[in-house]
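Just so it is clear: chains get the letters A, B, ... in the order the sequence lines come, proteins before strands, and each one is counted from 1.
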Amino acid sequence: MDAVKNKPTLNFIEAIIDADLAEGKNEGKVHTRFPPEPNGYLHIGHAKSICLNFGLAKKYNGLCNLRFDDTNPLTEEVEYIESIKNDIRWLGFGWEKREYYASDYFDTLFDYAVRLIKKGKAYVCALKAEEVNTMRGAPDKPGKESPYRNRSVEENMDLFARMRNGEFPDGSCTLRAKIDMTSPNIHLRDPIMYRIIHASHHRTGNKWCIYPTYDFTHGQSDSIEKITHSICTLEFEVHRTLYDWYIKELELFPPKQYEFARLNLTYTVLSKRKLIELVEGGYVSGWDDPRLPTITGLRRRGYTPEGIRNFCEHIGVTKRETVIDIEMLEYFIRDDLNKRANRVMAVINPLRVILTNYPEDQLEEMEAVNNPEDQGAGTRKVPFSRVIYIERDDFNENPSKDFFRLAPGREVRLRYSYIIKYENVVKDEKTGEIKELHCSFDPESKSGMAGSKRKVKGVIHWVSVKQAISADVRLYDRLFAKPFPDEADEGKDFKSNLNPDSLKVKTCYIEPSVQGTKSLTHYQFERVGYFCVDNDSTEEKPVFNRTVTLKDSWQKKKQ
RNA sequence: UGUCCGAUGGUGUAACUGGUAACACGUCUGACUCUGGAUCAGAAGAGUCCAGGUUCGAGCCCUGGUCGGACAGCCA
């Protein structure tokens, strides 16, 4: 009964693996791979794939390779390889020595191509790119056969060798598989296997001037690595038949491909092309801009690997194309940070408060709990004196009945300190702006004292003006103002939906305990949100990035 | 008039070889609280795209539709 009840539900891929294992396929082995192309930075969508592939290997006691699909020297760069490896490691996954490159297989792939030529299953086609495209037909129209389709094996062998030798210019000819120009699946209409690109490759240098296409590379690479479950996104579903065709004609180990739906999130974009546009167009500060859904951006924003992994585990894996509410991601990062981030008091919109009955030169140290969720985190001392800052929002001259904070005639508790009472407000005579507040404190009410038992409805955070250190806070918000950025007005694109308030920089005042902390350290600014130290921090001017706000039911109520 | 894929509360996922829809996020109550945080308790919210059929019984099986997506790079 309990066993049934607690039976973990499987995603469709796990169900397939379970069945395969039950049938004794692949000698009981599970071998996956994560195959990025080194032409951009990884984002949260890749994290889903990474968690899936590495996660499956871990769950089934198998292995997961890292393989760079580097078949296009025109767009790929070493810079990306390092960032990709770095991001995967940061997410908590490793591939030991199994770091492979499709380019490692160029020789093998060339041999495979020769084998197909000899079988009469491939030919060198001298059609121009444009001609190839038009003759391919359309989804609902069959294609036409290339006039070069029936060249002899000898002629094809000779031509292919000459392609390799660099006798022909880029684009002059290609090697094509001879399949079926009338196939309802366009990918089977004599697909290109090799193209001529006189460019140096980041790994093979100038050894090659012909490069295999992704379609002629991916399946065989999986096969060479003995990948048992080749997991990819939905758009490759229609390619599967082609991969299977190559494998069958070449008589190679047959990996099985399964496709799942890629991740989509509200209020952001996850396409490489759009991300590049934002970075290169200067809409953000770079690939690691904390507003971007890139792994490096999320890391800088203060997201944790655990938070991201939990998110990936909970969104599931299916073939349905869906859009996940960004709130889900935010929930998982709050959930994780709540457990690990030390609390600290910081005031972002300061309002000066003078405690009129507190001695001018007195200084006290208040004991504060670092993390109520983690007793092991200990306590710290927070300096307290006559003049403090509180948040402007924590005072209201004309409060409603459900406002719990400071107001005329009311009291509030200063967290880890005294209960204070409103006395009067000082305003700018001309503008009417509130300059400062005069309050009195109750000496018997200090936290921990007998008199502190008194209940006050509100508790607010504060910082002693004299000891506070000032820092820049970067208040990040969602990158886009609309949940579906692509839904733009006529003639405009997703960039027109960028949120103009996605970043606000302010000076804030923080208790001195944060002095000198390392970058990427996570904090919760009590009652405000989670923040993390940015690498731009200096000794004189610390910089904090807001990861995510705290859930705020008062804020919600006001709206 | 093509091929392939998909369709379950607002969102995402689940429901063992058919037994009468569950979990998470979100929302709303309430309790508790020196974070209007966290936590705890509870509620509302779908009858599973539609129409037939098989069956004692269908989200699961069959038939036919509808809607949505992918595919026409010498990108991956």
Side-chain angles (χ1 to χ4, degrees), chain A residues 4 7 9-11 35-37 39-40 69-72 74-76 125 127-129 132-134 136-143 170-176 183-189 191-197 210-211 213-215 217-218 232-241 259 261 266 272-273 314-332 334-335 338-339 343 345 368-369 372-373 402-405 412-417 419 447-448 452 455-461 524-529 549-557:
Chain A
V4 173
K7 178 177 170 288
T9 58
L10 306 174
N11 64 47
E37 184 193 12
N39 72 342
D69 267 331
D70 54 352
T71 54
N72 187 350
L74 264 18
T75 57
E76 295 150 7
C125 178
L127 249 23
K128 295 280 173 282
V132 172
N133 293 341
T134 53
R136 182 154 33 221
D140 54 352
K141 274 180 299 206
D170 288 10
S172 58
C173 57
T174 56
L175 181 71
R176 293 228 253 164
S183 170
N185 182 340
I186 291 182
H187 298 277
L188 258 28
R189 322 240 264 229
I192 310 281
M193 294 163 58
Y194 268 90
R195 25 28 155 160
I196 300 172
I197 304 175
I210 58 172
Y211 291 93
T213 57
Y214 175 84
D215 277 350
T217 306
H218 193 80
C232 65
T233 44
L234 253 27
E235 67 268 31
F236 294 106
E237 202 154 23
V238 282
H239 296 238
R240 192 177 56 220
T241 321
E259 308 86 6
T266 56
K272 219 176 241 183
R273 198 210 91 220
H314 282 82
I315 55 176
V317 178
T318 64
K319 302 188 70 138
R320 304 164 57 179
E321 290 173 28
T322 57
V323 183
I324 294 188
D325 199 324
I326 191 94
E327 300 241 25
M328 188 85 89
L329 214 209
E330 293 173 347
Y331 166 82
F332 283 103
R334 282 193 189 103
D335 184 55
N338 177 47
K339 288 176 254 171
R343 278 113 263 206
M345 289 194 284
V369 173
E373 306 292 320
D402 53 359
F403 182 80
F404 302 158
R405 285 107 94 145
V412 281
R413 150 83 55 194
L414 293 178
R415 175 137 239 231
Y416 296 125
S417 180
I419 291 170
S447 297
S452 76
K455 293 290 177 202
V456 256
K457 190 70 180 165
V459 178
I460 64 175
H461 58 98
Q524 182 196 102
F525 288 4
E526 293 223 27
R527 304 207 306 137
V528 178
T549 60
L550 246 32
K551 245 168 71 180
D552 189 344
S553 51
W554 167 243
Q555 195 60 244
K556 194 169 282 169
K557 201 169 180 175

Partners passing side-chain contact (heavy atoms from CB on, under 4.5 Å) against T233(A) (at least two apart in sequence or in another chain): E235(A), F236(A), F260(A), R262(A)

Protein-nucleotides 10-13 of chain B N/O pairs under 3.5 Å:
unit_1, atom_1, unit_2, atom_2, d
U11(B), O3', V323(A), O, 3.4
U11(B), O2', V323(A), O, 3.4
G12(B), OP1, V323(A), N, 3.4
G12(B), O2', I315(A), O, 2.9
U13(B), OP1, T318(A), OG1, 2.7

Please name all residues satisfying side chain to side chain donor-acceptor pair (under 3.5 Å) with H187(A), sequence neighbours left out, ordered by chain then number. none

Any chance you could encode RNA chain B as dot-bracket? Rule is Watson-Crick or G-U wobble with both distances under 3.5 Å; [ ] for pairs crossing earlier ones, | for another strand. .((((((..((((.....[..)))).(((((.......))))).....(((((..]....))))))))))).....

Within the 4.0 Å heavy-atom criterion, would you say E237(A) contacts the bases, only the backbone, or no part of the nucleic acid? sugar-phosphate

Protein-nucleotide distance (E373(A), atom CD; A38(B), atom P), rounded to Å: 9 Å

Is the base of G73(B) syn or anti, where syn means the angle lies within 90° of 0? syn

Grab the CD-P distance between E259(A) and C4(B) for me, whole Å please. 14 Å

Pairwise P distance for A58(B) and G18(B), with rounding to whole Å: 13 Å

For G57(B) versus C23(B), give the span between their C1' atoms, rounded off to a whole number of Å. 26 Å

Classify the side chain of R527(A) and the base of G36(B) as holding, or not holding, a donor-acceptor pair under 3.5 Å. no

Residue pair C232(A) / R240(A), side-chain heavy-atom distance below 4.5 Å: no

What's the gap between C49(B) and U66(B) when it is taken at their C1' atoms, as a whole Å value? 7 Å

Can you tell me how far P in A41(B) sits from the matching atom in A70(B), rounded to whole Å? 43 Å

Just to be sure I understand the rule, does Q524(A) reach a base, reach only the sugar-phosphate, or reach nothing, if contact means heavy atoms closer than 4.0 Å? base

If you pin N338(A) and Y416(A) to their nearest nucleotides in RNA chain B, which one's is more 5'? Y416(A)

Taking only side-chain N and O atoms of S183(A), does any of them lie within less than 4.0 angstrom of OP1 or OP2 on U3(B)? no

Need one value for G529(A): base, sugar-phosphate or nothing, where a base atom within 4.0 Å counts as base even if backbone is also close, heavy atoms only. nothing

Looking at L175(A), T174(A), T213(A), which one forms a side chain to side chain contact (heavy atoms under 4.5 Å, CB included) with Y194(A)? L175(A)

Excluding sequence neighbours, so at least two apart, what forms salt bridge (charged side-chain N to carboxylate O under 4.0 Å, His left out) with R415(A)? E526(A)

Using every non-hydrogen atom in the two residues, find where R343(A) and P372(A) come nearest and quote the distance to one decimal. CD-CD, 3.6 Å

Below 4.0 angstrom from OP1 or OP2 of A38(B), is there any side-chain N or O of K551(A)? yes

Mind checking what makes salt bridge (charged side-chain N to carboxylate O under 4.0 Å, His left out) contact with D140(A), not counting sequence neighbours? none

Hey, which sits more toward the 5' end of RNA chain B by its nearest nucleotide, I186(A) or S452(A)? S452(A)

My understanding is that only residues two or more places apart in sequence, or in another chain, count here; which of them pass salt bridge (charged side-chain N to carboxylate O under 4.0 Å, His left out) with R405(A)? D394(A)

Would you measure the distance from the C1' atom in C74(B) across to the matching atom in C62(B) and give it in whole Å? 46 Å

How would you label the contact of R240(A) with the nucleic acid (heavy atoms, under 4.0 Å): base, sugar-phosphate, or nothing? nothing

Listed by chain and number, what are the side chain to side chain donor-acceptor pair (under 3.5 Å) partners of Y214(A), not counting sequence neighbours? H218(A)

Rounded at 0.5 Å granularity, tell me how far CG in D170(A) sits from CZ in R195(A). 10.5 Å

Nearest-Å distance once atom C1' is located in both G12(B) and U27(B): 16 Å

When syn is taken as a glycosidic angle within 90 degrees of 0, is G47(B) syn or anti? syn

Expressed as a whole number of Å, how far does the P atom of A22(B) sit from that of U39(B)? 24 Å

My understanding is that only residues two or more places apart in sequence, or in another chain, count here; which of them pass side chain to side chain donor-acceptor pair (under 3.5 Å) with N72(A)? none

Contact class for R334(A) (heavy atom, under 4.0 Å): base, sugar-phosphate, or nothing? nothing

Taking the C1' atom in each of G47(B) and A21(B), what is the distance between them to the nearest angstrom? 7 Å

Just checking F525(A): base, sugar-phosphate only, or nothing, at a heavy-atom cut-off of under 4.0 Å? nothing

D335(A) meets the salt bridge (charged side-chain N to carboxylate O under 4.0 Å, His left out) criterion, sequence neighbours left out, with K339(A)

Gap separating the CG atom of D325(A) from the OH atom of Y331(A), nearest 0.5 angstrom: 14.0 Å

Using a 4.0 Å heavy-atom cut-off across all strands, classify F404(A) as base, sugar-phosphate, or nothing. base

I'd like a table of atom pairs between the protein and nucleotides 73-76 of chain B - only N or O on both sides, under 3.5 Å - with the distance next to each one.
unit_1, atom_1, unit_2, atom_2, d
G73(B), OP2, N133(A), OD1, 3.1
G73(B), OP2, N133(A), ND2, 3.4
C74(B), OP1, N133(A), OD1, 2.5
C74(B), OP1, R136(A), NH2, 3.0
C74(B), OP2, R136(A), NH1, 3.1
C74(B), OP2, R136(A), NH2, 3.3
C74(B), N4, L127(A), O, 2.8
C74(B), N4, A129(A), N, 3.2
C74(B), N4, G171(A), O, 3.2
C75(B), OP2, R195(A), NE, 3.3
C75(B), OP2, R195(A), NH2, 2.8
C75(B), O3', R195(A), NH2, 3.2
C75(B), O2', N72(A), ND2, 3.3
A76(B), OP1, T71(A), OG1, 2.6
A76(B), OP1, R195(A), NH1, 3.4
A76(B), OP1, R195(A), NH2, 2.9
A76(B), OP2, Y214(A), N, 3.0
A76(B), N6, H239(A), NE2, 3.4

Per P372(A) side chain, nearest of listed nucleotides C71(B), U27(B), U35(B): U35(B)

Return the value, rounded to whole Å, for the distance between atom CG of D402(A) and atom C1' of G30(B). 16 Å

Which residues share a side chain to side chain donor-acceptor pair (under 3.5 Å) with R334(A), sequence neighbours left out: none

